[in-house]
Amino acid sequence: MSISWVTVGTPLPSGPVRLAVTDLGVAACSFAGESVAGVPGRAGTPDCTDEARARTVAARLDEYFQGRSRTFALPIDWRFTSGPHRVVLQTLLAEVPYGATITYGELARRSGVFDDLAGVGGVAARAVGQMMGANPLALLVPCHRVVAADGLGGFGGGPLGMEIKRWLLTLEGVLPATLDWDGPDAAP
DNA sequence: GCTCGTATAAAAA
DNA sequence: TTTTTATACGAGC
């Protein structure tokens, strides 16, 4: 088993993304060329040696970013998630389709992982937010569709992360396009 | 190991 | 409307 890193150009404000691809599917994703915590192989790792696999991943992402595809249709390697974390991510993937959003609290409830805490205010919501932030599968699992109860919520990666989230939500039609929104055709 | 900072939400003032 | 308070998890020391 080996991990291959594939760099895929995107119209995102962050530029290209790097994805970790294994025999089982896509295992991780990083935005600004940064490494993903807990995932072997850093940003300096040579790119994928399996060109066929790399092409497939790149093509799928491209279709999504161009708006031609509503899903990535890529297998996901869940090895870097575990326990409740994995359950929440899989719930999100299963329950939230393209163009829809869910709040942190609602996702927590549906995942069933935080049943014991369900009645206690936003406790579970924070845990979910934390999991999203630690999620190595950003993009593959639609973390950007998870929003706060009264607004957009946040996103990892600082200000740049917010740009990415806003961009993705606009792409999916969740947010109205803004004047500075250039659409998928902008950028390299 | 221990401490600190979060991508929240709801109740109270 | 603003403030306060619970929770789990990962990173850093």
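Labels below follow one simple rule: chain letters A, B, ... track the order of the sequence lines, proteins then strands, and each chain is numbered from 1.
- Under the rule for a side-chain contact (heavy atoms from CB on, under 4.5 Å), the partners of A/Ala73 that lie at least two apart in sequence or sit in another chain are A/Arg60, A/Thr71.
- Rounded to an integer number of Å, the gap from A/Arg126 CZ to C/dG10 C1' is 15 Å.
- Using a 4.5 Å heavy-atom cutoff, the side chains of A/Phe65 and A/Val8 are not in contact.
- Rounding to whole angstrom units, CD of residue A/Gln130 and C1' of B/dT8 are separated by 11 Å.
- Between A/Met131 atom CE and B/dG5 atom P the separation is 22 Å, expressed in whole Å.
- For A/Arg145, the salt bridge (Lys or Arg N to Asp or Glu O under 4.0 Å) criterion is met by A/Glu172, not counting sequence neighbours.
- Using modelled atom types, one side-chain atom of A/Lys165 and one backbone atom of A/Val146 make a donor-acceptor pair closer than 3.5 Å.
- A side-chain donor-acceptor contact under 3.5 Å links A/Asp77 and A/Thr22.
- Counting heavy atoms from C-beta outward, A/Val6 and A/Arg53 have side chains that stay 4.5 Å or more apart.
- A heavy-atom distance below 4.0 Å to DNA chain B is reached by none of the residues of residues 87-102 of chain A.
- For A/Thr81, the side-chain hydrogen bond (donor to acceptor under 3.5 Å, both in side chains) partners at least two apart in sequence or on another chain are A/Arg86.
- Residues meeting the side-chain hydrogen bond (donor to acceptor under 3.5 Å, both in side chains) test with A/Glu95, sequence neighbours left out: A/Arg110.
- Rounded to a whole Å, the CZ atom of A/Phe80 is 18 Å from the C1' atom of C/dC9.
- Distance A/Met132 CE to B/dG5 C1': 18 Å, rounded to the nearest Å.
- Nearest to the side-chain atoms of A/Ala125 among the listed nucleotides C/dT7, C/dG10, B/dA9 stands B/dA9.
- Between A/Thr101 and A/Leu169 the shortest heavy-atom distance is CG2-CD2, 4.3 Å.
- Nearest to the side chain of A/Tyr104, among C/dT7, B/dA9, C/dG10, sits B/dA9.
- In this structure, CD of A/Glu106 is placed 22 Å from P of B/dA7, rounded to the nearest angstrom.
- Ranking C/dA8, B/dA9, B/dA7 by closeness to the A/Ala127 side chain, first place goes to C/dA8.
- Distance CG (A/Asn135) to P (C/dA8): 20 Å, rounded to an integer number of Å.
- Among the atoms of the strands shown, base atoms are found under 4.0 Å from some heavy atom of A/Gly133.
- Consecutive pairing runs in DNA chain B reach the stem threshold at B:1-6 with C:8-13, B:8-13 with C:1-6, where a stem means at least three Watson-Crick or G-U wobble pairs with distances under 3.5 Å.
- Remark: C1' of C/dA8 and CZ of A/Arg86 are 18 Å apart, rounded to the nearest angstrom.
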